[in-house]
2 protein chains.
Amino acid sequence: MREKTPRTRIQKKNHQTILEAALNVFSQHGFRGATLDQIAQEAALSKPNLLYYFPSKVAIHRALIDRLMTTWLDPLRELDAHGDPIEEILSYVLRKLSMAREFPRESRLFANEIVQGAPNVGDKISGDLKFLVDEKVGVIAGWSQAGKIASIDPYHLIFSIWATTQHYADFDAQIRGILAADDDAHFDDAAVFLERMFRQMLKP
Amino acid sequence: MREKTPRTRIQKKNHQTILEAALNVFSQHGFRGATLDQIAQEAALSKPNLLYYFPSKVAIHRALIDRLMTTWLDPLRELDAHGDPIEEILSYVLRKLSMAREFPRESRLFANEIVQGAPNVGDKISGDLKFLVDEKVGVIAGWSQAGKIASIDPYHLIFSIWATTQHYADFDAQIRGILAADDDAHFDDAAVFLERMFRQMLKP
DNA sequence: TGCATCTTTGACCATTTGGTCAAGACTACG
DNA sequence: CGTAGTCTTGACCAAATGGTCAAAGATGCA
C-alpha cells in the first residue's frame with residue numbers, strides 16, 4: 001500500500017529528486033495532464049526507475065499532497081488566540097501571501113486538486129482542515145464578540161484571506177498578463193493593498 | 001480551420017448539446033483530463049458524431065472558451081464611470097458573485113485554464129482583457145484621485161474582487177467541506193460579507 | 001416518389017500512457 | 001575479492017485515446 005520510506009542515501013536523494021520533478025509537472029498540468037515520461041525526463045531518470053521508488057503515478061501524487069497538507073496549514077496554526085487580534089490576523093494574511101510568492105507550485109498543485117472537485121483530498125478537507133478551521137473560527141468569533149474586531153463572519157473572513165492571497169499564485173498567468181509584469185514586484189504592492197484592506201474591515 | 005457555424009435545426013441543436021456536455025466534462029477534469037468518449041456519452045452521441053460537428057477536441061474546447069470570454073467580462077464592462085463610485089464597485093462585486101453562483105462550471109473552466117498557465121488564452125488575456133481592465137483601472141483611479149473613494153491600487157482592487165468572488169465557484173469543494181453545506185445558502189452570507197468588506201475599504 | 005444532401009455510426013488505426021519484467025550494473029561490506 | 005543486496009534500464013504489454021472512413025440511414029424538397 002504505502003511506498004517504503006527511503007533508507008539508503010541513494011533512495012533519499014532520488015525520492016527527493018522525483019518529488020521535486022513531479023511537483024513541477026503536476027502543478028503545471030494537473031494530475032491527469034501529467035505523464036510519467038514527463039516526470040521521468042524532468043528528474044533525469046528512466047521511467048521504470050521512477051516506478052522502482054514509487055509504486056504508481058497516483059502514489060507520487062499522493063506523496064506530494066501529503067507533504068503539502070502538513071505544511072500548508074502552518075500559517076493558520078500559528079494564529080494565536082492570545083495575541084493582538086488585528087495584528088494576528090494581518091500577519092496571517094502576510095504569511096499566506098509570502099507562501100503564495102515562495103511556493104506557487106504547491107499552491108497550484110492544491111488549486112488543481114480542488115477545482116476538479118478534490119477527488120483525492122476530500123476526506124482531508126472535511127477532516128483535519130475543517131477541524132483546524134473550526135477551531136480558529138472560534139477564536140475569531142471570540143474576538144468579534146469581545147468587540148476587539150468588527151463583527152464579521154469568521155468563515156468568510158478566512159475564505160477571503162485564502163482567496164486573495166492564493167490568487168497571486170494560482171492566477172499568476174492572468175496577473176502577469178494584465179500587469180505586463182515579468183518579475184515578482186507586484187507582490188509588494190499586493191502586500192500593501194491586502195494589509196490595508198483587512199485592517200480597514202477588521203476595525204471595530 | 002474554424003468549425004462551420006450551425007445552419008440547420010439539427011446542427012444548431014447538436015452544437016448546443018455538445019457544448020453543454022463538454023462544459024460539464026472540461027470544467028470538471030480540465031482539458032487534458034477530459035476525453036471525447038466522456039463528452040460523447042454525456043451528450044448521448046457517438047464519438048464520430050461529435051467529430052462531425054467539431055473537427056477536434058481542441059476545437060470544442062476553443063469554442064467553449066470563446067463563448068466564455070465574450071460574456072465573462074460583461075459585469076466589468078457595465079462598471080459605469082458616471083455612476084456613484086462606491087455603488088458601482090459594490091454592484092460589480094455582487095454581479096460577479098452572482099455569476100460564480102449561477103455559472104460555476106464556466107468559472108472552473110476558466111480557472112483550469114489559468115492555473116495551468118493559460119496555454120490557450122494567453123493572448124486574449126494580454127489583449128482584450130488587459131485593454132478592458134486598463135480602461136476601468138483608469139476610471140477607478142480617477143475616482144480615487146477625486147477623493148470619491150479611498151486611495152487604493154485599482155489593479156489590486158480588481159484582483160481582490162475576482163479572487164473573492166470566483167473563489168466560491170472554483171474552490172466550491174473546499175468550501176462545502178468546511179461548511180458541511182450541501183446547498184447554496186452560503187452565497188447569501190458571502191454577499192453580506194463581501195459587500196461589507198469592500199464598502200469598508202472604499203470609504204474615503 | 002426520386003434524388004441530393006445531411007446525419008449517424010461500426011470498425012478501424014496510430015499513438016500515448018501507466019505499468020511490468022528479467023537481466024545487467026553498481027555498492028557495500030565481510 | 002566475492003557475493004548479497006540495491007539500483008537501473010531496454011524491451012515489452014494492454015488499455016485508453018484522438019481521430020478516420022466508408023457505408024448506411026434520415027431528411028427535405030422538386
Side-chain angles (χ1 to χ4, degrees), chain A residues 1-65 112-113 116 119-120, chain B residues 1-65 112-113 116 119-120:
Chain A
M1 284 285 100
R2 306 206 46 69
E3 67 279 3
K4 52 186 174 295
T5 39
R7 310 199 164 282
T8 75
R9 220 172 313 132
I10 293 181
Q11 272 182 31
K12 208 165 278 182
K13 191 192 67 181
N14 282 350
H15 255 253
Q16 253 181 292
T17 306
I18 292 170
L19 288 179
E20 174 69 16
L23 179 57
N24 280 334
V25 179
F26 280 131
S27 68
Q28 202 181 353
H29 302 286
F31 177 75
R32 193 62 170 20
T35 71
L36 286 179
D37 290 286
Q38 274 178 100
I39 298 174
Q41 189 171 1
E42 186 93 9
L45 293 171
S46 69
K47 184 167 60 166
N49 209 6
L50 284 197
L51 295 164
Y52 172 74
Y53 289 103
F54 291 89
S56 68
K57 184 184 176 185
V58 297
I60 302 179
H61 190 253
R62 191 159 33 222
L64 277 176
I65 293 278
N112 261 304
E113 190 59 21
Q116 304 192 1
N120 300 310
Chain B
M1 282 289 97
R2 304 208 48 70
E3 66 280 5
K4 51 187 174 297
T5 40
R7 310 198 165 282
T8 76
R9 222 172 312 133
I10 292 180
Q11 273 182 30
K12 208 166 281 182
K13 191 193 65 179
N14 281 350
H15 254 254
Q16 253 182 290
T17 305
I18 292 169
L19 288 179
E20 173 70 15
L23 179 56
N24 280 333
V25 179
F26 280 132
S27 68
Q28 202 181 353
H29 302 286
F31 177 75
R32 194 60 171 23
T35 72
L36 286 179
D37 290 286
Q38 273 178 102
I39 298 173
Q41 188 170 2
E42 185 94 10
L45 293 171
S46 68
K47 185 167 60 169
N49 207 175
L50 284 197
L51 295 164
Y52 171 74
Y53 290 103
F54 291 89
S56 66
K57 184 184 175 185
V58 297
I60 303 178
H61 190 254
R62 190 159 34 223
L64 277 177
I65 293 278
N112 261 303
E113 191 59 21
Q116 304 192 1
N120 300 309

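To find a chain, count down the sequence lines: A is the first, B the second, and so on, and within it residues start at 1. As a basis for the values below, the full set of heavy atoms in this structure was taken, side chains included, without hydrogen atoms, waters or symmetry mates. Model, not experiment: these values are computed from the prediction.
Evaluation of the salt bridge (charged side-chain N to carboxylate O under 4.0 Å, His left out) test over residues 25-48 of chain A, restricted to residues two or more places apart or in two chains, returns A/D37-A/K47. Residue pairs satisfying the salt bridge (charged side-chain N to carboxylate O under 4.0 Å, His left out) criterion with at least one member in residues 14-29 of chain A, sequence neighbours excluded, are listed as follows: A/E20-A/R105.
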Exercise. Sugar-phosphate means primed atoms, P, OP1 and OP2; the rest is base. With that split, encode nucleotides 12-29 of chain D 5' to 3' as B, S or - using protein heavy atoms under 4.0 Å.
Key: -----SBBBB--------
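Close to D/dG10, at under 4.0 Å from its OP1 or OP2, lies no side-chain N or O of A/N49. Residue B/Q11 has no polar side-chain atom (N or O) positioned under 4.0 Å from OP1 or OP2 of C/dC6. One finds no side-chain N or O of A/Y52 lying less than 4.0 angstrom from the OP1 or OP2 phosphate oxygen of C/dC21.
Nucleotide D/dT8 holds its C1' atom 8 Å from the OH atom of A/Y53, rounded to whole Å.
Remark: A/N49 pairs with A/L45, A/S46, A/Y52, A/Y53 by the side chain to side chain contact (heavy atoms under 4.5 Å, CB included) rule, at least two apart or across chains. Partners of B/Q116 by side chain to side chain contact (heavy atoms under 4.5 Å, CB included), not counting sequence neighbours, listed by chain and number: A/N112, A/Q116, B/N112. Annotation: ring pair (Phe, Tyr, Trp, His ring centres under 6.0 Å) contacts of A/H29 (sequence neighbours excluded): none.
When side chains are defined from C-beta on, B/K57 counts as touching B/F26, because their heavy atoms get closer than 4.5 Å. Using a 4.5 Å heavy-atom cutoff, the side chains of B/R62 and B/N120 are not in contact. Using a 4.5 Å heavy-atom cutoff, the side chains of A/F54 and A/L19 are in contact.
Near DNA chain D, defined here as any heavy-atom distance below 4.0 Å, there are no residues from residues 16-28 of chain A.
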